[in-house]
2 protein chains.
Amino acid sequence: MQQTQAPVKVGLVDDHILIRDALANVIRSFDEFSVSIVADNGKEFIDKLNTGNMPEILILDMNMPEMDGHATTRWISQNHPEIKILVLTMYDAESLIHMIKGGVRGFLKKDVPPGELKHALQCILENGTYCSHTITGRLFNLMKTQGTKNSAWGAIILNDNEISFLKLVATEMTYKEIAQKMQISPRTIDNYRDALFLKLNVKSRVGLVMYAVKNGVVTINY
Amino acid sequence: MQQTQAPVKVGLVDDHILIRDALANVIRSFDEFSVSIVADNGKEFIDKLNTGNMPEILILDMNMPEMDGHATTRWISQNHPEIKILVLTMYDAESLIHMIKGGVRGFLKKDVPPGELKHALQCILENGTYCSHTITGRLFNLMKTQGTKNSAWGAIILNDNEISFLKLVATEMTYKEIAQKMQISPRTIDNYRDALFLKLNVKSRVGLVMYAVKNGVVTINY
DNA sequence: GAATAATTGGGGAAAAAACCCTTTTTGAAT
DNA sequence: ATTCAAAAAGGGTTTTTTCCCCAATTATTC
């Protein structure tokens with residue numbers, strides 16, 4: 001059975017020109033897929049979005065300036081939940097679960113070979129999800145090791161307060177100053193911190209900082 | 001005057017297949033340059049190196065597994081100092097000076113457009129060095145702001161003690177535990193810390209951790 | 001509406017981190 | 001050998017962090 005339908009439109013959002021163009025070229029070389037939008041960041045993507053170029057699959061970089069991957073994911077799952085999001089990521093850490101909850105359908109490592117890229121796109125179309133072997137492995141490992149520790153099935157889910165707190169933890173502010181900035185009592189900060197110590201299995205502020213860095217809660221601007 | 005000589009051989013060391021192939025294709029499109037070696041990491045590069053494919057310019061990624069950019073730089077400037085090293089980097093931070101001291105001739109950001117890549121290669125050949133405008137700016141800024149504060153002309157140079165201390169600072173060990181591990185008195189740890197506070201212009205342990213992360217003193221394993 | 005759970009806040013204490021200033025040790029230079 | 005400077009180590013203090021246990025205030029559920 002030959003593929004005679006119109007190609008599936010794919011969107012690309014990544015601020016690295018080189019990676020983006022390389023991906024675009026690879027995708028354009030597949031008969032079944034075409035590239036309908038290319039953007040530097042989430043904001044630009046949303047601006048360019050219209051009924052003509054609405055992609056069925058969106059390949060999205062997570063760490064971008066302007067409007068980052070998480071914000072973009074949130075916007076898309078609210079406004080266009082039919083778009084299937086495939087995340088371009090170097091992180092195969094716990095934040096995966098956050099992303100899945102946020103509507104992400106799959107993960108690609110940036111050094112994906114063309115063959116697997118095609119496979120990923122097809123999986124997303126057919127099954128609705130895609131996961132590379134390496135990342136599938138991590139996910140299983142996560143479910144296994146985290147076990148029944150917190151929340152539903154052990155995944156580490158941070159709420160908005162904890163995330164904005166974590167961002168501030170990775171600065172030189174004292175907890176008192178963080179409390180002022182967050183407009184809450186220093187005691188509540190204590191509670192946030194202690195809850196995170198438990199959740200993230202760390203014992204000190206440095207542990208929180210390293211978690212935040214490793215999981216992209218704070219972005220490192222080189 | 002036409003360019004009729006043999007093309008200048010360029011080596012490529014980067015563990016991201018996509019970026020590496022994209023760069024290779026771009027370089028191959030330039031008449032004056034050819035790609036003579038492509039490798040995943042420093043070790044592979046050294047293994048592949050022979051008199052036939054000896055590159056004049058090496059484009060090198062700094063953060064790789066196996067043998068990373070710094071180790072590779074060191075090996076090259078000892079064994080083949082004639083090879084001009086162009087670093088592919090996202091860091092435009094102070095660690096630049098370390099790299100320059102290590103023999104690096106220039107810096108490229110990963111999202112370099114093809115035109116500038118060509119320009120960079122030509123600059124390296126003609127002047128021996130290359131620096132993108134953005135990074136040149138950072139360097140000037142660095143020299144200006146750091147002024148006459150430390151060392152020769154203000155560059156932040158960390159000695160071995162400070163580097164191994166910084167690595168431990170980014171763990172959940174207390175200073176007392178760090179002192180034990182480093183086999184020195186806790187007071188000396190105080191001295192190290194206070195010296196780094198001054199040098200790096202930070203006020204707390206979190207500041208040290210963030211510096212270590214941003215400058216690759218500690219490596220984040222995703 | 002009452003019971004229950006989660007979030008927010010408080011007092012106080014022990015440990016760690018940060019900041020003083022001073023002394024000893026070490027290493028390099030003349 | 002002596003001098004000089006840097007590195008290492010100490011004593012003591014203040015601030016911050018961490019860790020208790022407990023009370024008030026919201027949400028949630030029955």
Side-chain angles (χ1 to χ4, degrees), chain A residues 98 101 148-213 217-218, chain B residues 101 146 148-213 217-218:
Chain A
H98 284 123
K101 286 232 160 189
T148 53
K149 212 152 55 185
N150 321 288
S151 83
W153 47 282
I156 294 174
I157 304 285
L158 306 183
N159 60 39
D160 290 346
N161 277 337
E162 288 172 332
I163 286 180
S164 38
F165 170 64
L166 259 191
K167 284 181 195 292
L168 296 173
V169 162
T171 71
E172 294 196 309
M173 276 188 260
T174 67
Y175 287 131
K176 206 183 291 181
E177 291 165 338
I178 293 175
Q180 280 176 356
K181 185 140 203 162
M182 291 184 72
Q183 312 252 44
I184 51 180
S185 148
R187 297 301 156 158
T188 308
I189 291 293
D190 278 359
N191 291 331
Y192 288 0
R193 184 201 50 213
D194 295 348
L196 285 176
F197 280 177
L198 270 178
K199 266 196 198 181
L200 310 181
N201 197 32
V202 299
K203 293 185 294 294
S204 70
R205 181 162 175 176
V206 174
L208 294 181
V209 172
M210 292 310 287
Y211 177 90
V213 167
V217 177
V218 296
Chain B
K101 287 224 162 192
Q146 300 284 330
T148 53
K149 213 152 55 183
N150 323 288
S151 85
W153 46 281
I156 294 175
I157 305 285
L158 306 182
N159 60 40
D160 291 348
N161 277 336
E162 288 172 333
I163 287 180
S164 40
F165 170 64
L166 259 191
K167 284 182 196 292
L168 296 172
V169 161
T171 71
E172 294 195 310
M173 278 188 257
T174 67
Y175 287 132
K176 206 184 293 182
E177 290 166 338
I178 293 175
Q180 279 176 356
K181 184 140 205 165
M182 291 184 72
Q183 312 251 43
I184 52 180
S185 148
R187 297 301 158 160
T188 309
I189 291 293
D190 278 356
N191 292 332
Y192 288 1
R193 185 199 49 208
D194 295 347
L196 286 176
F197 281 177
L198 270 178
K199 266 197 199 182
L200 311 181
N201 197 33
V202 299
K203 292 185 296 292
S204 71
R205 182 162 176 177
V206 174
L208 294 180
V209 172
M210 293 309 288
Y211 177 91
V213 167
V217 177
V218 296

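All chains are named by letter (A, B, ...) in the order of the sequence lines, taking the proteins before the strands, and each is independently numbered beginning at 1.
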On DNA chain C, which is the earliest and which the latest nucleotide, 5' to 3', with an atom closer than 4.0 Å to a heavy atom of chain A? dT8(C) to dG12(C)
Walking DNA chain C from its 5' end, the first of V206(B) and N191(B) to be reached, judged by nearest nucleotide, is V206(B)
Spacing between [X] atom [atom1] and [N] atom [atom2], to the nearest angstrom:
X       : N       : atom1 : atom2 : answer
F165(B) : dA9(D)  : CZ    : P     : 13 Å
L196(B) : dA8(D)  : CG    : P     : 12 Å
R205(A) : dT18(D) : CZ    : P     : 8 Å
R187(A) : dC21(D) : CZ    : P     : 15 Å
N161(A) : dA27(D) : CG    : P     : 13 Å
K176(A) : dT15(D) : NZ    : C1'   : 8 Å
L208(B) : dT16(D) : CG    : C1'   : 15 Å
I189(B) : dG10(D) : CD1   : P     : 12 Å

Any donor-acceptor pair under 3.5 Å linking the side chain of R205(B) with the backbone of V169(B)? yes
Any donor and acceptor pair, going by atom type alone, linking the side chain of K167(A) with main-chain N or O of V217(A) inside 3.5 Å? yes
Could you check whether any side-chain heavy atom of [X] comes within less than 4.5 Å of a side-chain heavy atom of [Y], counting everything from C-beta outward?
X       : Y       : answer
L196(B) : Y211(B) : no
L166(B) : V218(B) : no
M210(B) : V206(B) : yes

Does a side chain donor of either Y192(B) or N161(B) reach within less than 3.5 Å of an acceptor in the other side chain? yes
Euclidean distance, Q180(B) CD relative to L168(B) CG, rounded to 0.5 Å: 12.0 Å
Please state whether the phosphate of dT15(D), meaning OP1 or OP2, lies under 4.0 angstrom from any side-chain nitrogen or oxygen of Y175(A). no
What nucleic acid atoms does D190(A) come within less than 4.0 Å of, heavy atoms only: base, sugar-phosphate, or nothing? base
